[in-house]
Each structure stands twice: as structure tokens, then as C-alpha cells.
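Encoded as C-alpha cells, the structure appears first; notes follow it.
From a predicted model like this one, the values you see are computed outputs, not experimental measurements. The chain is numbered in sequence order, starting from 1.
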Amino acid sequence: MKTTPIWLFDLDNTLHRADGGVFQLINQKMTAYLSAHLHLSLAAASALREKYWHEYGATLAGLQKHHPHIDIMDFLRQSHPDDEIRAALVAEVGLPEYLQQIQGDKVIFSNGPSFYVQTVLQELNITHCFNAIFGCDDFGLLYKPAISSYQFVCQRLNIQAWQCIMVDDSAANLRPAKDLGMTTVWFGKNAHHLPFVDFIAKDMADLARLTIFQAA
């Protein structure tokens with residue numbers, strides 16, 4: 001009997017090269033928002049954004065903790081402008097073809113807001129490749145690596161963690177996945193073996209070649 005996996009895919013720097021321009025755009029927009037709403041200089045706002053990202057794993061987490069008056073969804077919408085995001089996207093080479101080669105249900109599990117995820121998938125023409133899409137606003141504005149976000153996705157999909165293969169460019173996001181019993185794949189050119197990493201994939205071709213679940 002063959003076990004069919006459920007692939008949980010990160011989005012940024014996994015399915016597209018966010019470092020190619022999207023992250024720079026988002027960071028600029030976040031900085032401008034913080035500057036305007038917290039009455040800071042652009043330099044101070046940029047430093048605060050980076051501080052929150054390093055301390056909490058997401059700028060929005062710092063805002064939630066220290067600036068509860070900020071409308072988080074407004075912050076996310078203003079910092080993820082649809083048209084500019086589309087123009088800045090750089091897809092992984094051969095993405096649609098490689099996704100079709102990967103057997104099993106495929107799900108997006110992203111720290112980005114769901115409307116941003118949908119924009120990226122539409123622009124890359126890969127929406128049809130995925131059975132479900134989860135952004136941070138789908139699970140109470142939580143984010144990886146908070147273990148409750150992984151548990152939420154499993155609950156929503158009505159699956160067990162051991163059925164999942166988590167693919168992410170961030171090793172920090174793979175540790176809780178492994179703790180829950182997921183198979184983990186560290187994606188990207190800097191990936192290497194760690195105790196909580198089961199497989200590495202330098203690119204989409206590597207990922208498509210992985211045969212993780214065999215016939216029992």
C-alpha cells in the first residue's frame with residue numbers, strides 16, 4: 001500500500017526568488033508604514049522593523065506586542081501592494097513542470113498574508129497546483145515557527161503531522177515541523193544537513209527528484 005504525502009510548501013524563497021526584489025519592496029513599504037504611523041524617521045523605522053524581525057521572526061509580531069493600536073491587516077495590505085509585487089516576482093526555474101512531477105497533495109503554508117499568497121500564485125500561474133492555501137491571517141496572525149501555526153494547518157486539513165513533508169528555505173521553520181513528526185526538506189542553495197533536516201533540495205529539480213514516501 002502506498003502512502004500519499006501532503007506537501008506543505010513555504011512560499012518566499014521557495015517557490016519564487018523573494019530576494020530578487022520582492023523582499024526589498026515589502027521591506028521598503030513596511031518601513032514607510034512604520035515611519036508614518038509611529039512618527040519615526042525612515043532610518044529609525046527601518047531599524048525597528050529589523051529589530052522586530054530578528055527578535056520575533058516577523059515584524060507584525062513586534063507590532064502586535066508593542067503597538068496594539070496598529071491595524072495589522074492595514075499594515076499587511078499597505079506593505080504588499082498587488083501590482084508592484086507582480087512586477088517584482090522572479091519564479092524558480094521550471095516551477096510549474098517540477099510541481100506537477102511531485103506526487104501528493106500540495107499546500108501553501110506561508111507567513112505572508114493570504115491575499116499576497118494568492119497574488120504570487122496567480123502571477124506565477126501555479127494556483128491550480130495546490131489543494132489549499134494558508135497565509136498568516138488564516139491562523140490568527142500567527143506565523144512560523146510558532147508550533148501552533150503548524151498544528152492549525154494540520155487541523156484544518158484533518159491530517160496528522162507524520163503525513164506531511166515540510167519544504168522551507170528557513171531551517172528555523174523546519175525544527176518545529178520535525179518536532180511534530182513531519183518529514184523536513186531544507187530548500188535552497190545554502191541548505192545543508194542538520195539533525196532536524198531529513199532531506200535537502202538545492203532547487204526545484206532536486207525537490208522533484210526526491211522519493212521520500214515509498215510503497216509500503
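The existence of a salt bridge linking R86 and D82 is confirmed by a sub-4.0 Å separation between a basic side-chain nitrogen and an acidic carboxylate oxygen. Here R209 pairs with D206 in a salt bridge; the nearest charged N to carboxylate O distance falls below 4.0 Å.
Side-chain contact between L99 and K106 is present, with at least one heavy-atom pair separated by less than 4.5 Å. Counting only heavy atoms from C-beta outward, the side chains of T4 and D105 never approach each other to under 4.5 Å.
No single ILVMFWY cluster, assembled from side-chain heavy atoms under 4.5 Å apart, contains both V90 and I85. Note on L60 and L38: same hydrophobic cluster, where clusters join Ile, Leu, Val, Met, Phe, Trp and Tyr whose side-chain heavy atoms are under 4.5 Å apart, directly or indirectly. Linking Ile, Leu, Val, Met, Phe, Trp and Tyr residues whenever their side-chain heavy atoms come within less than 4.5 Å leaves V93 and F187 in two separate clusters.
Between the side chains of D10 and N173, not a single donor N or O lies within less than 3.5 Å of an accepting N or O. When only modelled atom types and interatomic distance are considered, D179 and Y150 share no side-chain donor-acceptor pair under 3.5 Å. Side-chain atoms of T59 and R49 form no donor-acceptor pair, as typed in the model, at a separation below 3.5 Å. Side chains of T183 and D198: a donor-acceptor N/O pair is absent below 3.5 angstrom, by distance only. Residues Y116 and D12 have side chains that bring a donor and an acceptor to within less than 3.5 angstrom of each other.
Aromatic rings from F109 and F130 are positioned such that their centres are separated by 6.0 Å or more. Taking the six-membered ring for Trp, Y52 and H66 have ring centres closer than 6.0 Å.
One N or O on the side chain of H192 and one on the backbone of N190 form a donor-acceptor pair closer than 3.5 Å. Formation of a donor-acceptor pair under 3.5 Å by the S46 side chain with backbone atoms of A43 is not found in this model.
Taking both residues in full, the closest heavy atoms of F196 and L174 are given as CD1-C, 4.0 Å, listed atom of the first, atom of the second, then distance. Contact record, A61 with Y56: CB-CB, 3.6 Å, taken as the closest heavy-atom pair. What you find for S110 and K144 is that their closest heavy atoms are CA-NZ, 4.2 Å. Counting all heavy atoms, side chain and backbone alike, V185 lies closest to L210 at CG1-CD1, 4.0 Å. Scanning both residues, W186 and D169, for their nearest heavy atoms gives NE1-O, 2.9 Å. Q122 and T127 get closest at one heavy-atom pair: N-OG1, 3.5 Å.
Taking the ring centre of F139 as origin, the terminal cationic atom of R156 falls outside the region bounded by 6.0 Å and 45° from the ring axis.
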*Taking it one step at a time, do V167 and L8 satisfy side-chain contact (heavy atoms from CB on, under 4.5 Å)?*
CA-CA 6 Å; V167 183; L8 302 182; over 6 Å; no

